[in-house]
Each structure stands twice: as C-alpha cells, then as structure tokens.
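Accompanying notes for the structure given below.
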Amino acid sequence: MPLNSGAGAIPALGFGTLIPDPAETKIATTNALKVGFRHLDCAERYRNEREIGESLQAEFATGAITREDVFITTKLWNTNHRPERVEPAFDASCKRLGISYADLYLIHTPFAFQPGDNMDPRDQGGNIIYDRGVTLLETWSAMESLVDQGKCGAIGLSDVALENLVPLYEAARIKPAVVQVESHPYLPQTELLEFCKQKGIVLLAFAPLGHGMRPGPLEDPAVLAIARQTSLTPAQVLLAWGIQRGTAVLTTAKTLDRARENYNISEIPDGAVDEINRIQIRSRLNSVVETGVPGFITRGG
C-alpha cells in the first residue's frame with residue numbers, strides 16, 4: 001500500500017511483535033520472516049526490540065533477506081513526548097533493533113506521560129501521571145525533523161481517535177502516512193477509515209482477529225460460514241476482509257504453523273466482505289485510545 005510520504009509502500013500484511021516473553025519473541029520473529037512476512041511492527045514499550053533485532057540480524061546473515069526487504073516500524077512511547085526526548089528515543093530503538101533507519105515511526109499514543117525512564121509513571125493512588133507541559137503538535141514537529149534528517153521514511157500515529165487526528169493533520173507540515181488503531185468486524189472504525197482514504201493515509205489495523213476475544217470475531221457465525229464456503233480458516237477470512245476493505249493489518253503468531261496460516265491468505269468474494277460489514281456487534285478490546293495505557297500489556301511489563 002503506497003505511503004503518502006513518497007517513501008515507498010507498506011506491506012498490507014504485517015507481523016505484530018507484542019510478545020511478552022523474550023525467547024518467544026525471537027522464535028516468533030524468525031518464523032514470521034521465514035514464512036514471508038516483510039513488515040515487523042515494533043515498539044519501545046514492548047521491551048523486546050533487542051530480541052527482534054537479533055532475529056533480524058540472524059536472518060540477514062543467511063543472505064535470504066536484506067534490510068531493504070523488510071519494512072520496520074517502531075514507536076515513540078508516552079514518556080518521550082517532550083521534543084528533546086524524541087530523537088534520542090528513536091536512536092535508542094534503532095540501536096536495539098540493529099538498524100540504521102526505520103521505515104515508519106509512530107507516536108504510540110497521543111497521551112504524554114511524565115518524562116523519565118519509568119514507562120508507567122503513577123502517583124501514590126496508582127493513577128497515571130500525565131505530562132501537561134507538551135502538546136501533540138510539539139511532539140509531531142520533533143517527529144518531522146527525523147524525516148528531514150533521513151532517519152525514517154515516514155511518520156504516523158497509533159491509538160488515535162478521529163477528533164485528535166483531524167487537527168493534527170491540518171496543522172502538520174509532514175502529514176501522517178499511517179494511523180494504527182484497533183480494528184476488526186466488531187470495531188470497524190468506518191469513519192476513521194473514510195477520513196484516511198480521503199487523505200491518502202494508510203489505516204493499519206491491530207487486533208484484526210479480535211485478540212483472542214471469546215466469543216469474538218473468530219467465532220462469529222457469519223465469519224464461520226464464510227470460512228466453510230471458501231475453505232479458509234476464520235483467521236484467514238478476517239485478515240482478507242481487513243485488506244479488501246482497504247486497511248493494512250497486523251497479526252501475531254507464536255508458532256510456525258500459525259504464522260503460515262496467517263500469511264497464506266487469499267481473496268474472499270465481495271459478497272462475503274459485505275456480509276461481514278453487516279455484523280452489528282460492537283466491542284472495543286483495548287481502552288488505550290481513551291487513557292494512553294495499553295490494554296494488551298501487563299502493568300509494569
């Protein structure tokens with residue numbers, strides 16, 4: 001999918017690296033690269049960039065793939081929103097990943113936390129300590145300077161609502177190339193997707209399979225029926241739906257078989273896309289967009 005920054009294109013199907021265990025991270029990343037995934041979605045907050053970097057370097061060393069073959073995304077954490085902290089945070093991520101540039105750098109959430117090394121700063125009552133001394137646009141300006149310097153090809157935002165995206169888009173000198181949000185049939189993000197399409201922004205969907213929610217999209221009767229009709233798995237149906245409606249998608253697989261399943265998807269009929277679009281259930285799995293606190297990461301993790 002072409003990027004409005006002019007910095008090439010982002011693969012429609014990507015591998016999400018939010019895997020808590022370091023050893024599992026290395027195995028899963030290696031498996032993903034071996035089956036064909038060429039977009040790795042990383043983040044400082046996941047605390048596993050070093051392990052991902054080790055997997056990347058090992059694959060590069062085999063000669064099977066090169067750095068230029070892999071689209072690498074990472075993210076600026078909430079505690080680094082102060083403009084003077086943006087470039088050092090970016091450089092530290094690249095160093096851990098073992099790369100000299102990133103293809104895409106995202107502001108992980110629009111919420112600024114108290115700056116410092118503690119990624120989860122809280123007061124004595126257990127409440128997050130926000131940083132009211134910096135605006136999202138100030139952080140964005142520091143992101144733009146990374147593009148100016150050639151350190152990253154494109155910049156964007158994650159976990160952002162449309163009402164926060166619009167004013168930033170209008171004020172930005174370099175427009176967001178990608179917006180990453182939770183999206184699946186139970187949270188289709190239709191209005192946000194339409195805005196992104198109008199502005200040439202790629203909507204990158206995380207949790208496209210419902211993040212294991214039970215009951216969830218993987219067990220939805222409409223999805224199961226389409227899976228039977230097409231001889232695909234429910235996961236393959238959901239990933240195809242996400243891509244065919246115009247989003248890029250991220251999926252995380254911890255085993256080689258699951259990585260193969262999630263990578264080997266094929267097109268579903270237009271009627272099947274329409275049928276999934278008609279699902280009425282609405283459910284948000286991750287409240288990060290409301291608080292800046294990631295719902296899929298354990299506290300202190």
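All heavy atoms count here, side chains included; hydrogens, waters and symmetry mates do not.
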Query raised in the report: Is the closest basic N to carboxylate O distance between K34 and E59 below 4.0 Å?
Result: yes
**Report entry** A235 backbone acceptor or donor facing N262 side chain under 3.5 Å
**Finding:** no
Query raised in the report: Which pairs, with at least one residue in residues 266-293 and sequence neighbours excluded, count as a ring-ring contact (aromatic ring centres under 6.0 Å, His included)?
Result: none
**Report entry** With F37 via ring pair (Phe, Tyr, Trp, His ring centres under 6.0 Å) - residues at least two apart
**Finding:** F15, Y263
Query - Side chains of T79 and N118 in contact at under 4.5 Å (non-hydrogen atoms) - result: no
**Report entry** Contact list for residues 245-271, test salt bridge (Lys or Arg N to Asp or Glu O under 4.0 Å), sequence neighbours left out
**Finding:** E24-K254, D257-R260, R258-E261
**Report entry** Inter- and intrachain pairs under ring-ring contact (aromatic ring centres under 6.0 Å, His included), touching residues 271-290, at least two apart
**Finding:** none
**Report entry** L232-V273 co-clustered via ILVMFWY side chain contacts under 4.5 Å
**Finding:** yes
Requested in this report: Ignoring hydrogens and angles, state whether a donor on the side chain of D69 or T66 is under 3.5 Å from an acceptor on the partner side chain.
Outcome: yes
Query raised in the report: Tell me, do Q229 and V237 make a side-chain contact under 4.5 Å, heavy atoms counted?
Result: no
**Report entry** Sequence neighbours excluded, every pair satisfying ring-ring contact (aromatic ring centres under 6.0 Å, His included) that has a member inside residues 157-191
**Finding:** Y169-F195
**Report entry** salt bridge (Lys or Arg N to Asp or Glu O under 4.0 Å): pairs with one or both residues in residues 100-115, sequence neighbours excluded
**Finding:** R67-D103
Query raised in the report: Who pairs with T139 by side chain to side chain donor-acceptor pair (under 3.5 Å), at least two apart in sequence or on another chain?
Result: none
Query raised in the report: Who passes side chain to side chain donor-acceptor pair (under 3.5 Å) against R85, sequence neighbours left out?
Result: N80
Can you list, pair by pair, the side-chain donor-acceptor contacts under 3.5 Å of residues 150-158, counting residues two or more places apart and other chains?
unit_1 : atom_1 : unit_2 : atom_2 : d
K151   : NZ     : E87    : OE2    : 2.7
K151   : NZ     : D91    : OD1    : 2.8
K151   : NZ     : D91    : OD2    : 3.2
S158   : OG     : H108   : O      : 3.3
S158   : OG     : Q180   : O      : 3.4

Query raised in the report: Can you name the side chain to side chain donor-acceptor pair (under 3.5 Å) partners of T247, sequence neighbours left out?
Result: none
**Report entry** Pairs meeting criterion salt bridge (Lys or Arg N to Asp or Glu O under 4.0 Å) with involvement of residues 196-217, two or more places apart
**Finding:** R214-E219
**Report entry** For F113, ring pair (Phe, Tyr, Trp, His ring centres under 6.0 Å) partners two or more places apart
**Finding:** W77, Y130
